Amino acid sequence: MNKSYRVGIVGGTGMVGQRFATLLENHPWFHVTAIAASGRSAGKTYAQAVEGRWFMDTPVPANMRDIIVKDAQDVEGMKAEVDFVFCAVDMKKEEIRALEEAYAKAEVPVVSNNSAHRGTPDVPMVIPEINPEHTEIIHAQRRRLGTQRGFVAVKSNCSLQSYVPAIHPLMKYGVKDVLACTYQAISGAGKTFETWPEMLDNVNPYIGGEEGKSEQEPLKIWGKVDGDKIVNATSPSITSQCIRVPVSDGHLAAVFVRFENKPTMEQILEDWKNFAGEPQRLELPSAPKQFIHYFTEPDRPQPRLDRLLEHGMAVSVGRLRPDCQYDYKFVCLSHNTLRGAAGGAVLLAELLCAQNYI
């Protein structure tokens, strides 16, 4: 697939925006031609705008250092330089909704890392291996917006990207009840240990809004396109607790599952091993070769050891065993700013390009 796209990053100076920049530095299809951020960064070069607050392990991409940052509200200015944009802004939800819709109405497709449009019925919320067919709702969204090219597509919350992929291949057994406790890295809050020293030697049992997202968003992912909206699935019943832990990157989940038709452990392991989705079939540039990796060691997966598996785009699973209240329990891990945030959005954009929506 010989493709080349001019890409903008809206919200390019924040942690997820920086992650977008590093992921797109050598991307075979996507070439960053514009970066936008808040008014206080506008007019500076990208290198100047992130000086003293660059959170990545690698330096500012050389091919982006001298890009002059635009104001995120300058939709027309961005439109002139891009084929589509990634959006990772830090604003109030209603402001994000308005901004993303403004880009879409200006015929600039938006692939968003933000949560603002996840509940919008005609906005697809996609984990590319799980519900790639949801992108067909874009036709209905374009009718509503009155656009030819413009639309908004979103990726789901990073907290559920570790356990929903592990549950998905097992849905054929009738998953009834899920209990998921997530142990979430501080980068999920846009923080490092330098900027959040209170998290050293500490655990915070509350992450605002996260449990609702963890319980509700999977039902949209497992829902169905029906006319001009996506109708949420009614099952399984999911309950969660989301806890912030002193880890830099990587969200871990302890998962308990009850089935209508209980499979054997051997069946589950086989289903995980053989699971592949549209990104693997299409061989998209950011797709992991093996989406779900199962570790037989009793002390894996661990964030430090396993979060960068397949460039941080794979899901790691371990400790599958019977449970005395549910049928089975297991542990999952995903990299929250790669698979969970920017990397997941890049993979979604690749899927949208392969499907000819962009």
Side-chain angles (χ1 to χ4, degrees), residues 10-11 75 84-89 91-161 163-165 167-168 171 175 178 180 208-240 277-278 340-341 344-345 347-358:
V10 182
V75 176
F84 74 95
V85 297
F86 291 106
C87 191
V89 292
M91 295 158 59
K92 294 191 176 111
K93 269 198 184 170
E94 56 272 20
E95 293 173 353
I96 295 173
R97 272 198 291 271
L99 182 67
E100 291 181 345
E101 210 154 279
Y103 275 92
K105 283 179 174 171
E107 301 291 4
V108 180
V110 178
V111 180
S112 178
N113 185 70
N114 303 303
S115 65
H117 269 299
R118 287 184 198 150
T120 306
D122 62 7
V123 170
M125 178 171 64
V126 179
I127 298 177
E129 285 86 353
I130 294 175
N131 61 330
E133 72 284 355
H134 279 199
T135 55
E136 64 194 55
I137 198 69
I138 287 169
H139 298 297
Q141 187 192 142
R142 282 173 170 161
R143 284 195 295 274
R144 174 174 65 85
L145 296 175
T147 58
Q148 298 296 310
R149 285 190 76 243
F151 66 87
V152 180
V154 298
K155 50 152 287 301
S156 63
N157 188 269
C158 53
S159 65
L160 54 91
Q161 303 246 2
Y163 62 86
V164 167
I167 292 169
H168 183 68
M171 292 290 278
V175 177
V178 175
E210 204 77 354
E211 284 148 6
K213 294 172 189 172
S214 296
E215 293 167 359
Q216 292 303 313
E217 288 187 16
L219 299 177
K220 183 171 183 179
I221 291 164
W222 284 320
K224 290 274 184 288
V225 175
D226 183 5
D228 60 359
K229 61 184 182 295
I230 294 166
V231 178
N232 287 9
T234 54
S235 65
S237 170
I238 304 171
T239 184
S240 74
E278 200 66 4
L347 184 62
L348 171 54
E350 292 167 3
L351 175 71
L352 288 160
C353 291
Q355 294 175 329
N356 295 315
Y357 288 105
I358 294 177

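The model shown is predicted, which means the values in this text are computed figures rather than measured ones.
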Using the test side-chain contact (heavy atoms from CB on, under 4.5 Å), find all partners of Glu94 that sit at least two apart in sequence or belong to another chain. Lys92, Arg97

With rounding to the nearest 0.5 Å, note down the distance linking CG in Asn131 to CD1 in Ile221. 6.0 Å

Distance check, rounded to the nearest 0.5 Å: Met125 atom CE versus His117 atom NE2? 13.5 Å

Identify which one of Val89, Val110, Val108 satisfies the side chain to side chain contact (heavy atoms under 4.5 Å, CB included) criterion when paired with Val10. Val89

Assess whether side chain to side chain contact (heavy atoms under 4.5 Å, CB included) is satisfied between Glu101 and Val152, documenting all intermediate values. CA-CA 7 Å; Glu101 210 154 279; Val152 180; 5.5 Å; no

How long is the straight-line distance from OG1 of Thr120 back to CZ of Arg144, given to the nearest 0.5 Å? 6.5 Å

Please give me the minimum heavy-atom distance between Val111 and Ala349, naming the atom from each residue. CG2-CB, 4.1 Å

Backbone N or O of Gly223 within a donor-acceptor pair of the His134 side chain at under 3.5 Å? yes

Tell me whether the centres of the aromatic rings in Phe151 and His139 are closer together than 6.0 Å. no

Going by the rule side-chain contact (heavy atoms from CB on, under 4.5 Å), which residues pair with Ala341 if we only count those two or more places apart in sequence or in a different chain? Val16, Asn113

Of all residues at least two apart in sequence or in a different chain, which pass the side-chain contact (heavy atoms from CB on, under 4.5 Å) check with Thr147? Glu107, Arg142, Leu145

For residues Val75 and Ala102, report the shortest heavy-atom separation together with the two atoms involved. CG1-O, 3.9 Å

Would you give the length of the straight line joining atom CG of Leu348 to atom OG1 of Thr135, rounded to the nearest 0.5 angstrom? 8.5 Å

Residues passing the side-chain contact (heavy atoms from CB on, under 4.5 Å) test with Ser115, sequence neighbours excluded, are Lys93, Arg118, Lys213

Closest non-hydrogen atoms of Pro132 and Glu278, given as atom of the first, atom of the second and distance, are CG-CB, 3.9 Å

Asn114: which residues meet the side-chain hydrogen bond (donor to acceptor under 3.5 Å, both in side chains) condition with it, sequence neighbours left out? Glu100, Ser112

Apply side chain to side chain contact (heavy atoms under 4.5 Å, CB included) to Val175 and Trp222, showing your working. CA-CA 12 Å; Val175 177; Trp222 284 320; over 6 Å; no

Quick one: does Pro109's side chain get under 4.5 Å of Leu352's, heavy atoms only? no

Of all heavy-atom pairs between Lys220 and Gly119, which one has the smallest distance, and what is that distance? NZ-C, 4.2 Å

Pair Ile358-Arg149, side chain to side chain contact (heavy atoms under 4.5 Å, CB included): steps then yes or no: CA-CA 7 Å; Ile358 294 177; Arg149 285 190 76 243; 4.1 Å; yes

From OG (Ser156) to CD (Glu217), nearest 0.5 Å: 6.0 Å

CG of Leu99 to CE of Met91, rounded to nearest 0.5 Å, is 5.0 Å

If you look at every heavy atom in Lys155 and Gly344, which pair is closest and at what distance? CD-C, 4.4 Å

Heavy-atom closest pair, residues Leu160 and Ser214: CD2-CA, 4.1 Å

Do Arg143 and Asp122 make a side-chain contact, defined as non-hydrogen atoms from C-beta onward lying under 4.5 Å apart? no

Show me, pair by pair, the donor-acceptor contacts under 3.5 angstrom made by side chains of residues 226-237, not counting sequence neighbours?
none

